[in-house]
Amino acid sequence: SKKFNNTAIIVAGGMGSRMGGAIPKQFLMLKDKPVLQWSLECFDSLPQIQRIILVLPKAYVDEGRERLAGFKPTKEFVITPGGARRQDSVAAGLKLVTEKEGLVAIHDAARPFMPKNIIEKALEVAEETGSAVCALPCYDTMVKCQNGHIIKHMKRSELFRMQTPQVFRLALMRKAIEHARIRELEATDDSSLVMALGAEVKIVEGSELGMKITTPEDLRVLENLLN
């Protein structure tokens, strides 16, 4: 069997302020386990992944350990404190990877149900091309607005909704993070940091099941899927 050397970085470094709850959304219960445990178990079950790094807000690392008492990883598993921005959290995770070669799959803990076959496809494409990000085509009519008024209709065939995982060769992601640090670039998504290097980024089809929990309503939608 093929020897893999791939790392999953599960990013849960944010506080999820739009949920309006007292605890970060990644700790909320979804059915019988915390939101973030679903992603951890999914990546833990993938033969292509060797290690999992979970990035939590600094103040919640100990609580995270307690809440994940029910998670029994079969892979190497570490929890590390993140930073103020997403890219700081990704950088914190990358620091723990000593390998030079291999892939890194960066995934939002707030997307608990991304199907396994889609993650595997992203890993496969990144193995060939150096990068692969999950994204969905837009089926709705898309418009650009200013001050509450439509100013332009966008060509939806060119528009995609970005998801995670976003998978890159380790060296490429390290370079992108370092480049962003030097140039003081900020991004809400890893692919834009990679593209800032002038590198190409390939899209693989994501899934509606990979929706992100942002509001209390999103959590209810995912709970209904489990019933």
Side-chain angles (χ1 to χ4, degrees), residues 4-14 39 43 48-49 52-53 55 80 82-97 99-111 114-115 118-140 142-146 151-208 210-212 214:
F4 293 101
N5 180 21
N6 302 328
T7 301
I9 296 180
I10 311 294
V11 187
S39 295
F43 278 92
Q48 302 90 326
I49 296 291
I52 300 170
I53 297 168
V55 188
T80 194
R85 303 166 302 176
R86 181 196 178 81
Q87 65 213 63
D88 302 327
S89 293
V90 172
L94 276 175
K95 276 200 183 85
L96 301 180
V97 184
E99 278 72 18
K100 294 276 180 277
E101 300 288 309
L103 300 172
V104 58
I106 304 165
H107 185 63
D108 295 330
R111 298 181 190 273
M114 185 53 94
I118 285 178
I119 299 174
E120 292 188 303
K121 177 76 181 158
L123 287 161
E124 199 181 298
V125 172
E127 187 79 44
E128 285 165 35
T129 66
S131 72
V133 305
C134 294
L136 282 175
C138 287
Y139 300 119
D140 303 307
M142 303 301 283
V143 296
K144 193 173 177 178
C145 296
Q146 264 176 12
I151 55 169
K152 187 184 179 190
H153 281 71
M154 310 298 283
K155 208 169 167 184
R156 71 177 163 198
S157 60
E158 296 175 353
L159 297 175
F160 283 76
R161 291 185 284 143
M162 298 298 273
Q163 295 186 307
T164 68
Q166 300 195 356
V167 189
F168 307 96
R169 288 202 182 114
L170 265 170
L172 181 61
M173 196 63 222
R174 284 194 173 111
K175 213 167 147 186
I177 291 275
E178 183 55 16
H179 178 254
R181 192 184 64 76
I182 293 165
R183 294 282 169 94
E184 297 186 351
L185 306 175
E186 274 200 37
T188 56
D189 133 295
D190 312 296
S191 66
S192 42
L193 297 181
V194 169
M195 287 181 70
L197 289 172
E200 285 193 347
V201 175
K202 196 114 171 84
I203 270 186
V204 296
E205 176 127 17
S207 164
E208 292 291 355
M211 67 179 280
K212 190 175 188 178
T214 306

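This is a predicted model, so every value here is computed, not measured.
For Ala171, there are no side-chain contact (heavy atoms from CB on, under 4.5 Å) partners two or more places apart in sequence or in a different chain. For Phe168, there are no ring pair (Phe, Tyr, Trp, His ring centres under 6.0 Å) partners at least two apart in sequence or on another chain. Legend: residues meeting side-chain hydrogen bond (donor to acceptor under 3.5 Å, both in side chains) with Ser131, ordered by chain and number and at least two apart, are absent. For the side-chain hydrogen bond (donor to acceptor under 3.5 Å, both in side chains) test, no residue two or more places apart in sequence or in another chain qualifies with Arg169. Applying the side-chain contact (heavy atoms from CB on, under 4.5 Å) criterion to Ala132, with sequence neighbours excluded, gives Ala122, Val125, Ala126, Val204.
Note that CZ of Arg111 and CD1 of Ile10 are 12.5 Å apart. Values are rounded to the nearest 0.5 Å. Taking CZ from Phe43 and CD1 from Ile52, the interatomic distance works out to 8.0 Å, rounded to the nearest 0.5 Å. Taking CD of Glu120 as the start and CD of Glu124 as the end, the distance is 8.5 Å to the nearest 0.5 Å. Taking CE from Met142 and CD from Glu158, the interatomic distance works out to 12.5 Å, rounded to the nearest 0.5 Å. Here Leu123 contributes atom CG and Ile118 contributes atom CD1; the two are 12.5 Å apart, rounded to the nearest 0.5 Å.
Contact of the Lys152 side chain with the Met154 side chain is registered, since non-hydrogen atoms from C-beta on lie closer than 4.5 Å. Side-chain contact between Leu103 and Glu127 is present, with heavy atoms from C-beta onward closer than 4.5 Å. Residues Leu136 and Glu205 are in side-chain contact: their nearest non-hydrogen atoms beyond the backbone lie under 4.5 Å apart. By the 4.5 Å heavy-atom criterion applied to side chains, Met173 and Val194 are counted as neighbours. Counting heavy atoms from C-beta on, the side chains of Leu96 and Thr7 never come closer than 4.5 Å. A heavy-atom distance below 4.5 Å is found between the side chains of Ile177 and Leu193. Here the side chains of Leu170 and Leu94 are in contact, with some heavy-atom distance below 4.5 Å. Contact of the Thr164 side chain with the Met114 side chain is not registered, since no non-hydrogen atoms from C-beta on lie closer than 4.5 Å.
Taking every heavy atom of both residues into account, Ser89 and Val11 meet most closely at CB-CG1, 4.0 Å. Considering all non-hydrogen atoms of both residues, Cys138 and Arg156 come closest at O-CD, 3.7 Å. Between Gln87 and Glu186, the closest heavy-atom pair is OE1-CA, 3.5 Å. The shortest non-hydrogen separation linking Asp88 to Gly83 is CB-CA, 3.7 Å. What you find for Ile203 and Ala135 is that their closest heavy atoms are CD1-CB, 3.8 Å. Between Ile9 and Gly93, the shortest heavy-atom distance links the atoms CD1-C, 3.7 Å.
Sparse packing is recorded around CD of Gln146, with 12 or fewer heavy atoms of other residues, nucleotides or ligands lying under 6.0 Å away. With a 6.0 Å radius and a threshold of 12 heavy atoms from other residues, nucleotides or ligands, Met162 has its CE atom above the threshold.
In this structure a side-chain-to-backbone donor-acceptor pair under 3.5 Å is missing from Gln48 to Asn6. The backbone N or O of Ser191 lies less than 3.5 Å from a partner atom in the side chain of Gln166, making a donor-acceptor pair.
Classification of Glu178 and Lys175 as a salt-bridged pair fails, no side-chain N sitting under 4.0 Å from a carboxylate O.
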Candidate pair Val104 and Val97, rule side chain to side chain contact (heavy atoms under 4.5 Å, CB included), full reasoning: CA-CA 9 Å; Val104 58; Val97 184; 5.9 Å; no
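Counting only residues at least two apart or on different chains, the salt bridge (Lys or Arg N to Asp or Glu O under 4.0 Å) pairs with a member in residues 189-202 are Arg86-Asp190.
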